[in-house]
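A short write-up of the structure that comes next.
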Number of protein chains: 2
Amino acid sequence: MSTPTTTRDVSGPAFSPLYRQIKELLTQDLQSGLWKPGEVIPSEFELAARFKVSQGTVRKAIDELAAENLLVRRQGKGTFVATHAEQNTQYRFLRLRPDDDRPRALQRRLLECSRARAAADIARALEIKAGDPAVLVRRLLLDGEQAVVLDEIWLPGRAFKGLTHERLSTYRGPMYALFEAEFGIRMIRAEEKIRAVAADASAAALLAVPPGAPLLSVERRSFTYGERPVELRRGLYRTDAHHYRNELS
Amino acid sequence: MSTPTTTRDVSGPAFSPLYRQIKELLTQDLQSGLWKPGEVIPSEFELAARFKVSQGTVRKAIDELAAENLLVRRQGKGTFVATHAEQNTQYRFLRLRPDDDRPRALQRRLLECSRARAAADIARALEIKAGDPAVLVRRLLLDGEQAVVLDEIWLPGRAFKGLTHERLSTYRGPMYALFEAEFGIRMIRAEEKIRAVAADASAAALLAVPPGAPLLSVERRSFTYGERPVELRRGLYRTDAHHYRNELS
DNA sequence: TAGTGGTCTAGACCACATC
DNA sequence: ATGTGGTCTAGACCACTAA
């Protein structure tokens with residue numbers, strides 16, 4: 001590893017400390033699939049030797065990647081690529097909680113999985129062209145007998161070629177784990193826009209509420225490596241016995 | 001600073017690394033008001049000398065406090081106690097954004113500031129006794145001509161003795177900045193429970209929507225040092241031209 | 001020019017998991 | 001016993017701010 005770029009390189013890029021350059025290299029290896037979700041990455045000392053920097057510098061790079069939930073450290077075992085397939089990280093992005101706060105597993109009911117052409121708004125959100133192939137998934141999440149979430153999920157068609165109703169309904173585990181395992185697409189972060197809306201007839205029927213009842217509308221855009229949007233998810237949540245929980249700091 | 005507690009101290013507390021012990025000491029100085037919001041704290045080297053540890057250890061303690069937004073580092077200047085009074089940290093907890101994403105300052109209209117006895121649910125949230133004195137503040141936030149937020153704010157009466165309608169309505173700047181400056185109470189973090197509800201007659205009138213219109217209900221519990229709850233805020237948000245924005249990772 | 005935070009190194013030792 | 005991440009130190013040097 002050469003000397004870090006400094007501000008004295010008038011013609012060059014902005015100053016970037018060594019550990020950030022290492023972080024960038026590690027991110028590239030993650031993105032390329034060299035290390036897959038759930039796998040161990042090389043030890044800090046090995047990476048340090050490979051990059052010709054000190055262990056402390058590699059450590060700081062990994063620190064940041066761990067803070068962003070891209071890597072997971074396990075003392076004595078090693079550093080692992082984060083995955084949505086593990087028990088404790090399942091439904092990491094779902095903020096809906098039962099009011100009594102006794103977490104229970106939600107049942108899934110798949111309603112639809114079809115191919116369509118992306119309308120203008122969908123295409124814009126996914127950064128593809130209007131009319132490009134897309135996949136539409138609709139499903140319910142149930143707490144016991146009660147449907148609480150109606151999701152409408154749009155995915156870019158080219159990246160999710162083999163995604164079928166059959167495959168989705170037989171897969172054990174969260175949808176995002178399937179995306180990792182079958183399509184090599186890992187959801188890194190997401191943005192949500194939340195509104196209160198009135199239930200239309202079709203949503204009302206599926207969620208067993210009167211038409212016009214207030215529902216939480218949660219529009220999520222999920223991103224993979226390189227800030228690339230790979231999912232647009234429109235959720236309608238019943239919040240009479242559940243709530244969306246958020247932490248501010 | 002003595003040797004850090006280790007797991008070999010069978011009778012003692014759990015292992016805590018040196019930098020966490022330093023962090024705890026710094027937190028105590030913040031809580032005691034030794035360093036007030038907006039002020040500089042001593043330099044890393046001075047703190048290291050004071051605690052008889054290396055600069056790197058102090059640095060790691062400060063790193064964590066900065067990550068929790070209790071301190072703010074400014075290269076070349078020093079490390080400062082975070083405050084809600086600064087331009088860039090105002091309305092830090094308000095996640096409502098206009099749909100067009102052109103941020104504009106919201107107007108405040110104070111509706112009420114009165115003393116009352118805490119009902120059972122309020123008391124439970126504030127961890128005081130039912131019937132204890134409490135302060136109730138009601139106010140509107142307006143985007144231009146349009147009211148978009150109706151807040152009902154409950155505060156523990158003993159901690160907010162001199163809070164009056166007069167004082168609130170004449171104060172320039174965010175409410176949380178007033179709380180810091182006048183009552184020495186700094187909001188550190190908060191939890192929000194979000195629901196979709198139908199507007200009742202009174203909320204509908206104040207927010208200029210039809211009765212029964214869907215509104216976002218945002219119940220916020222704010223905490224100060226030591227996980228002590230010091231505010232219960234029930235907000236009703238119009239989300240026809242705004243949305244609640246959240247980042248997931 | 002001096003003082004502050006920010007980066008980087010090299011080495012020692014601790015805690016944890018596994019063999 | 002070995003290898004991994006976690007902590008701590010001491011010292012050098014860089015980047016930024018203000019006098």
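Labels below follow one simple rule: chain letters A, B, ... track the order of the sequence lines, proteins then strands, and each chain is numbered from 1.
In this structure, the side chains of Glu219(B) and Glu192(B) stay at 4.5 Å or more apart for every pair of heavy atoms. A 4.5 Å side-chain heavy-atom check between Phe223(A) and Glu191(A) finds at least one atom pair inside the cut-off.
Here the straight-line distance linking atom CG of Leu110(A) with atom CZ of Arg167(A) works out to 12.5 Å at 0.5 Å rounding.
Considering only the side chain of Arg73(B), dG5(C) comes nearest among dG5(C), dT9(D), dG6(D). The side chain of Ser43(B) approaches dG5(C) more closely than any other nucleotide in the set dG5(D), dG5(C), dT9(D). Here the side chain of Phe15(A) is nearest to one of dA15(D), dC8(C), dC8(D), namely dA15(D). When the nucleotides dC16(D), dT9(C), dT7(D) are ranked by their closest atom to the side chain of Gln75(B), dC16(D) comes out on top.
Between the CG atom of Asp63(A) and the C1' atom of dT7(C) there is a distance of 14 Å, given to the nearest Å. Distance NZ (Lys23(A)) to C1' (dT7(C)): 15 Å, rounded to an integer number of Å. Rounded to an integer number of Å, the gap from CG of Leu18(B) to C1' of dC13(C) is 13 Å. In this structure, Gln21(B) places its CD atom 12 Å from C1' of dT7(D), rounding to the nearest Å. At whole-Å resolution of the value, CD in Glu44(A) and P in dA10(C) are 16 Å apart. The separation between Leu47(B) atom CG and dG3(C) atom C1' is 15 Å, rounded to whole Å. Between Ile62(B) atom CD1 and dT4(C) atom P there is a gap of 12 Å when expressed in whole angstrom units. If you measure from atom CZ of Phe51(B) to atom P of dC8(D), you get 14 Å, rounded to the nearest angstrom.
Considering Arg233(B), Arg220(B), Arg108(B) as possible partners of Asp151(B), the one that fulfils the salt bridge (charged side-chain N to carboxylate O under 4.0 Å, His left out) test is Arg233(B). Considering Glu180(B), Lys36(B), Glu39(B), Gln90(B) in turn, Glu180(B) is the only one that fulfils the side-chain hydrogen bond (donor to acceptor under 3.5 Å, both in side chains) rule with Thr83(B).
If Phe45(A) and Lys77(A) are placed on DNA chain C by their nearest nucleotide, the residue sitting closer to the 5' end is Phe45(A). Both Gln55(A) and Lys60(A) sit near DNA chain C, but only Lys60(A) has its closest nucleotide nearer the 5' end.
Taking side-chain N and O atoms only, Arg59(B) has no distance below 4.0 Å to OP1 or OP2 of dG5(C). Dashed line: the shortest gap from a side-chain N or O of Thr57(B) to OP1 or OP2 of dT7(D) is not under 4.0 Å.
Within the nucleic acid shown, Tyr19(A) comes within 4.0 Å of sugar-phosphate atoms alone, with no base atom in reach, counting heavy atoms only.
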